[in-house]
Each structure stands twice: as structure tokens, then as C-alpha cells.
Amino acid sequence: MVSLTSDMNPLHPDRNLALELVRATEAASIRAVPFIGRGDKEAADGAAVDAMRAFFSTVNFDGTIVIGEGEKDNAPMLYNGERVGSGRGPQCDVAVDPIDGTSLTAAGRQNALSVIAVSDQGTMLDASSVFYMDKLVTGPAGVGVVDIRLPIGENIRLLAKALGKPVDEIVVSVLNRPRHEQLIADIRAAGAGTRLMSDGDVAGGINAARHNARTDMCVGIGGSPEGIVTACAIKALGGHIQGVLAPRNDDEKEKGREAGLLVDGEVYEADDLVKGKNTIFVATGVTDGQLVQGVRREGDFLYTESVVLRGASGTLRRISSEHLTSKWL
């Protein structure tokens, strides 16, 4: 197996895989622009899927999609098991979400992203048979301190102590869903504040793990695929992530067992979600958010902002790009 950083296949600066993948997320974000605020999330997602897949074919890597768009949104491409890339170069597991936040895009709201995560072949957990996962994400201060098995109030107090700040200054991100009513009440009862997200818990998790971010923790039940994608980013940030699969019914629980997943409340640690540190996470903004700005059009130019996080080097890079509108729209 050729790894992402193998000496057998050196990645020259102008062919760095992480930077090449940005071209695919930029394309997906730009193609989604005509659908921002237009109320049609399926059209936005379809345009992003087409663009991302087209650019994948130009990237020198041998990728297999472990977490695919087709499984989640009934898209005809970028499905689990699909091979992507040129077929030459490092062999990788791939997770894609051409738009994390299709509803956000359709409504013209903040924090929609186009996302790709990769790791060495055979290292990414395939949790596709169980749709939901309960997650706990913090920055480096939470490593060895908080635990998803503890009550949320205790985790808030432990994290506040580790951060050296009062509990009433802790801010916790949670998806605004009926299933989280008690969780939200418990966070507030502990004395912390909440930041309720309408969608996009990948961005929520990353923002909670970033240095000097506006939020300190991200918790609650969201998509299992998003949990794996987030873990790839957290590896680069040195943060903490845990997940517990949350089957919706007995049938889904049985499917999870058949797939070899832990579905009885067992905890997945970061290295269970994605083995090792050799991870790459790239994201380009579709709409403005805390993590990156969305696509902007100014006359003859389109502007995009992306982030590239590499677990092997522990780096977060920001990439601002200027594109000729005539080449895209």
C-alpha cells in the first residue's frame, strides 16, 4: 500500500495532494452559487456533486469512497465504494460531502461548506449502516479531560477548569433539533451558553476545536458520516473527539451489528473513527461562516476561501483564490 506521505511516491510541492483536492471543493462551492437562497437543496447538491466528481478525475491519487454522497442524499455519483482519482499515486480512503449544509445553502444561511477528507487506505471507519452518531468535540484542552460518558454539566465544568475560564463563559454548539431539548436545557442549567446550529455540524465541530474559537465544545446527535469527516480535521487540530452510534430503530441496530459496528453505547475514540494521524481535510466555503467565507462574486471575478488541515504536520492553512467568472458561470 502506498501511503499519503510515502517516500515511494513523493508529493512534490506543486502536486501536493491536499492542495490538489482544494480544486475539487472550490469547484463544488462555485457550482452551488446559483442555488444559494433559491430554496432547492437538491439542485444545489446535484450541481456540487457533478463538479466535485469531475475534478476528482484530474487528481493523482487512487481513492475509494468510504463515506459517499449517494448513500445519504440519493445522488447517482460519489457513492460508497466508488473509485475516484486518476488511479495513480497514494491509495486513500475518501469521505465526501459536496455540500455540508444543503438546507443552509437553499435558505441562504451561513456555514455551508464543500468538504473532502482522506486518510490512508483501510483507516477510515465505515459507519454508513447507522445514520446517526452522538458526538463530543473540543479543542486540545479537552484531551484526557472530558468524556462523552459523563453528564454534560460535568464535562462543562471539567473543560472550564482546563481552559482556566469561568463556566459562564463556556459556549457549547448543538444542532437545534427536538431530540436535543433536554441536552440544551442541561447545558444552560450548568451555567454555560449555547450556540444553536440549524445544520452543518462538521463546521460546528471544527470551530469548537480551533484555537481561540468562539465556541468551546460541540455536542449532540448528528450524522455518522459527518463524525468521521470531523475526526479527520480534529487530528490536525490536536483536539478531542468521541462518538457513540445512535441507531434509530432495532432494524438499523441489527444492520450495524452485521457490519461489525459497535451499536450498544460503546464509545468510538478518535483513533477508532480514523486510524493514525495521516489525514487530510479540505473545505471551501459555500456561504459565509466562522470557519471560512463563502463564495463572493465581484464583477469578472469569483473569490473563494478554503482551509486545508493535515494531521501528519498538524497544520491549518487558509487558501484564498480568485477565479475568472467567465470560466465558471
(request) Count the heavy atoms of every other residue, nucleotide or ligand shown that sit under 6.0 Å from CZ of Arg109, and state whether that count exceeds 12. (result) no

(message) Testing the 3.5 Å rule here: is there a donor-acceptor pair between the side chains of Asn60 and Ser86?
(response) yes

(message) Closer than 3.5 angstrom, by distance alone: can the side chain of Ser29 be matched with the main-chain N or O of Thr284 as a donor-acceptor pair?
(response) yes

(request) Quick one: pull up NE2 in His240 and CG in Leu136 and give me the separation to the nearest 0.5 Å. (result) 4.5 Å

(message) Surrounding CD of Glu169 (heavy atoms of other residues, nucleotides or ligands, distance under 6.0 Å), is the total greater than 12?
(response) yes

(message) Tell me whether Thr287 contacts the main-chain N or O of Ala112 through its side chain, where contact means a donor paired with an acceptor under 3.5 Å.
(response) yes

(message) If only side-chain N and O atoms count, and only distance matters, is there a donor-acceptor pair under 3.5 Å linking Glu26 with Ser321?
(response) yes

(message) Can you tell me how the ring of Trp328 sits relative to the ring of Phe55, calling it parallel under 30°, perpendicular over 60° and tilted otherwise?
(response) parallel

(request) Could you tell me whether a side-chain N or O of Asp93 sits under 3.5 Å from a main-chain N or O of Thr123, the two making a donor and an acceptor? (result) yes

(request) Identify whether the distance between the nearest side-chain nitrogen and carboxylate oxygen of Arg177 and Asp199 falls below 4.0 Å. (result) yes

(request) Answer yes or no: is there a donor N or O on one side and an acceptor on the other, between the side chain of Asp216 and the main chain of Val171, under 3.5 Å? (result) yes

(message) Tell me whether Arg179 forms a cation-pi arrangement with Tyr132, defined as NZ or CZ under 6.0 Å from the six-membered ring centre and within 45 degrees of its axis.
(response) yes

(message) Would the distance check show the side chain of Asp40 and the main-chain N or O of Ala106 forming a donor-acceptor pair, the cut-off being under 3.5 Å?
(response) no

(message) Do the side chains of Glu252 and Arg248 get close enough for a salt bridge, i.e. N-O under 4.0 angstrom?
(response) yes

(message) Salt bridge or not between Lys255 and Glu258? Use side-chain N to carboxylate O under 4.0 Å.
(response) no

(request) Determine whether more than 12 heavy atoms belonging to other residues, nucleotides or ligands lie under 6.0 Å from atom CZ of Arg296. (result) yes

(request) Would you check if there is a donor-acceptor pair between the side chains of Ser306 and Arg318 at a distance under 3.5 Å? (result) no

(message) Just checking Lys161: does its NZ atom have more than 12 heavy atoms from other residues, nucleotides or ligands closer to it than 6.0 angstrom?
(response) no

(message) Whether the Arg23 and Thr58 side chains hold a donor-acceptor pair (N or O, under 3.5 Å, no angle test) is what I'd like checked.
(response) yes

